[in-house]
Protein chains: 2
Amino acid sequence: MKKEKLIKILKEKGISPTLQRIKIYEYLLESKEHPTIDMIYKDLIGEIPTLSKTTIYNTLYLFKEKGLVQELTIDENEIRFDARTDLHAHFKCIKCGKIFDLEFISKDFRIKNLENYKVLEYHLYIKGICPDCLKSY
Amino acid sequence: MKKEKLIKILKEKGISPTLQRIKIYEYLLESKEHPTIDMIYKDLIGEIPTLSKTTIYNTLYLFKEKGLVQELTIDENEIRFDARTDLHAHFKCIKCGKIFDLEFISKDFRIKNLENYKVLEYHLYIKGICPDCLKSY
DNA sequence: ATCATTGCAAACACTTTGCATACGC
DNA sequence: GCGTATGCAAAGTGTTTGCAATGAT
């Protein structure tokens with residue numbers, strides 16, 4: 001995605017497009033890995049040598065607040081972020097630790113008494129072994 | 001549930017029924033709160049004054065390995081455990097932090113290419129505001 | 001000059017590890 | 001007595017906080 005487009009998206013959400021924010025958002029969009037804070041940090045510190053993890057935390061929680069990213073809690077230890085905010089499922093491989101996006105063909109789950117709750121987020125997490133790890137068994 | 005029954009269940013799973021393990025399992029079964037390690041610790045330290053968190057960790061991961069409990073990752077900060085291992089959904093209230101069990105009326109979600117993966121666990125997590133917190137708005 | 005943003009360093013909180021002690025057959 | 005279970009203390013890891021420095025208008 002072009003840098004101008006990214007800046008436009010950030011501005012539309014009311015986020016002032018600083019270098020750090022642009023780079024972090026760009027990274028999230030391009031990475032298909034649902035990166036952790038640490039992954040983002042390690043990959044961007046080359047480009048932005050003064051980058052701190054604090055800024056990444058600040059930025060991602062700001063993005064989340066503005067509805068630009070979603071936070072995943074599929075992982076036991078670390079928080080992960082996803083720039084896709086539409087409804088899709090996530091698969092975590094217990095062998096390699098990777099997290100994959102999965103698409104719904106149909107999603108018709110009805111839940112008892114859910115009308116009494118105010119729903120803000122849905123997360124479907126599936127854990128198991130991914131195709132690659134199954135092969136090398 | 002009677003203590004004898006608990007001991008029987010533990011033995012059937014190949015877990016030697018020590019006092020700590022019985023109490024922790026009993027607590028999990030009776031609590032509807034999907035407690036964190038800390039909640040278990042605080043509530044049982046009165047009964048078992050020498051109890052340590054290490055033992056609670058050991059015990060719960062042993063239980064998990066034996067299929068007696070499931071681990072929830074709905075929470076950002078803490079791991080929670082649930083003695084119900086059948087498929088049901090979990091709701092986390094972002095106001096009060098409580099976690100509720102929700103029952104499926106129907107669950108027909110089909111996911112693209114899932115046949116390439118080996119599925120071990122499903123988790124449906126919903127976040128929002130619970131009925132009680134909605135009232136006091 | 002003022003306000004927002006960044007980022008270092010310290011503090012925190014939860015979890016894991018190492019190892020010595022205690023328990024049970 | 002020997003293997004298992006327990007639990008203290010220390011270390012480890014991810015996250016949050018306080019605050020000073022920087023940057024933008």
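In what follows, chains are A, B, ... by sequence order, proteins preceding strands, each numbered from 1.
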Colleague: What is the distance, to the nearest angstrom, from the CD atom on B:Glu78 to the C1' atom on D:dT15?
Modeller: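 Computing the B:Glu78:CD to D:dT15:C1' distance gives 13 Å.
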
Colleague: Return whichever of B:Asn77 or B:Thr59 has its heavy-atom-nearest nucleotide of DNA chain D closer to the 5' end.
Modeller: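 Here B:Thr59 is the residue nearer the 5' end.
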
Colleague: If I take atom CG in residue A:Leu51 and atom C1' in nucleotide C:dC8, what distance separates them, rounded to the nearest angstrom?
Modeller: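 Atom CG in A:Leu51 sits about 12 Å away from atom C1' in C:dC8.
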
Colleague: Would you mind reading off the distance between A:Leu19 atom CG and D:dA24 atom P, rounded to a whole angstrom?
Modeller: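 Taking atom P of D:dA24 as the reference, CG of A:Leu19 is at 10 Å.
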
Colleague: For D:dT16 and A:Thr54 - does any side-chain N or O of the residue sit under 4.0 Å from the phosphate oxygens OP1/OP2?
Modeller: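 Checking A:Thr54 against D:dT16: no side-chain N or O falls below 4.0 Å of OP1 or OP2.
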
Colleague: Is there a side-chain polar atom (N or O) of B:Ser52 under 4.0 Å from OP1 or OP2 of D:dT6?
Modeller: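 No.
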
Colleague: Could you give the CE-to-C1' distance, from A:Met39 to D:dT13, as a whole number of Å?
Modeller: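 That distance rounds to 17 Å.
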
Colleague: Given the ring of A:Tyr41, does A:Lys53 sit roughly above its face, with NZ or CZ under 6.0 Å from the centre of the six-membered ring and within 45° of the axis?
Modeller: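 A:Lys53 over A:Tyr41 ring: yes.
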
Colleague: A:Asp38 CG to D:dT13 C1': how many Å, rounded?
Modeller: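 In whole Å, D:dT13 C1' lies 10 Å from A:Asp38 CG.
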
Colleague: So, is B:Thr55 near the phosphate of D:dG7, with a side-chain N or O under 4.0 Å from OP1 or OP2?
Modeller: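 Yes.
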
Colleague: Report the distance from atom CG of A:Asn58 to atom P of D:dA21, rounded to the nearest whole Å.
Modeller: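 It works out to 18 Å between those atoms.
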
Colleague: Give a yes/no answer on whether the side chain of B:Ser16 brings an N or O atom under 4.0 Å of OP1 or OP2 in D:dA5.
Modeller: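 For D:dA5, OP1 or OP2 has a side-chain N or O of B:Ser16 closer than 4.0 Å.
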
Colleague: Taking for each residue the nucleotide of DNA chain D with the nearest heavy atom, is it B:Leu62 or B:Glu76 whose nucleotide lies nearer the 5' end?
Modeller: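 With B:Leu62 and B:Glu76 compared, the 5'-side residue is B:Leu62.
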
Colleague: Walk me through whether B:His34 and B:Asp101 qualify under side-chain hydrogen bond (donor to acceptor under 3.5 Å, both in side chains).
Modeller: CA-CA 9 Å; B:His34 311 81; B:Asp101 281 331; 2.7 Å; yes

Colleague: Check whether any side-chain nitrogen or oxygen of A:Tyr57 sits under 4.0 Å from OP1 or OP2 of D:dT15, and answer yes or no.
Modeller: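 Answer yes for this pair, as a side-chain N or O of A:Tyr57 is under 4.0 Å from OP1 or OP2.
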
Colleague: Using whole Å, what does the distance between atom C1' of nucleotide C:dT15 and atom OH of B:Tyr41 come to?
Modeller: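 It is 15 Å, rounded to the nearest whole Å.
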
Colleague: Among the candidates D:dT15, C:dT16, D:dT6, find the nucleotide nearest to the side-chain atoms of A:Ile37.
Modeller: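 For the A:Ile37 side chain, the nearest candidate turns out to be D:dT15.
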
Colleague: Which of parallel (below 30°), tilted (30 to 60°) and perpendicular (above 60°) describes A:Tyr125 and B:Tyr125?
Modeller: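 Rings of A:Tyr125 and B:Tyr125: perpendicular, as their planes differ by over 60°.
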
Colleague: If the cut-off is 4.0 Å, is B:Gln20 near the phosphate of C:dC23, judged by side-chain N/O to OP1 or OP2?
Modeller: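 Looking at the OP1 and OP2 atoms of C:dC23, neither is under 4.0 Å from any side-chain N or O of B:Gln20.
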
Colleague: Compute the centroid of each ring, for B:Phe100 and then for A:Tyr117, and state whether the two points are separated by less than 6.0 Å.
Modeller: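 Yes, the ring of B:Phe100 comes within the 6.0 Å limit of the ring of A:Tyr117, centre to centre.
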
Colleague: In whole angstrom, what separates B:Ile48's CD1 from C:dC23's P?
Modeller: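 Distance check: B:Ile48 CD1 to C:dC23 P gives 14 Å.
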
Colleague: Please confirm whether the ring centroid of B:Phe81 lies under 6.0 Å from the ring centroid of B:Tyr61.
Modeller: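 Judged by ring-centre distance (under 6.0 Å), B:Phe81 and B:Tyr61 do meet the cut-off.
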
Colleague: Please determine whether a side-chain nitrogen or oxygen atom of A:Thr18 lies at a distance below 4.0 Å from atom OP1 or OP2 of C:dT5.
Modeller: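 No, A:Thr18 has no side-chain N/O under 4.0 Å of OP1/OP2 on C:dT5.
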
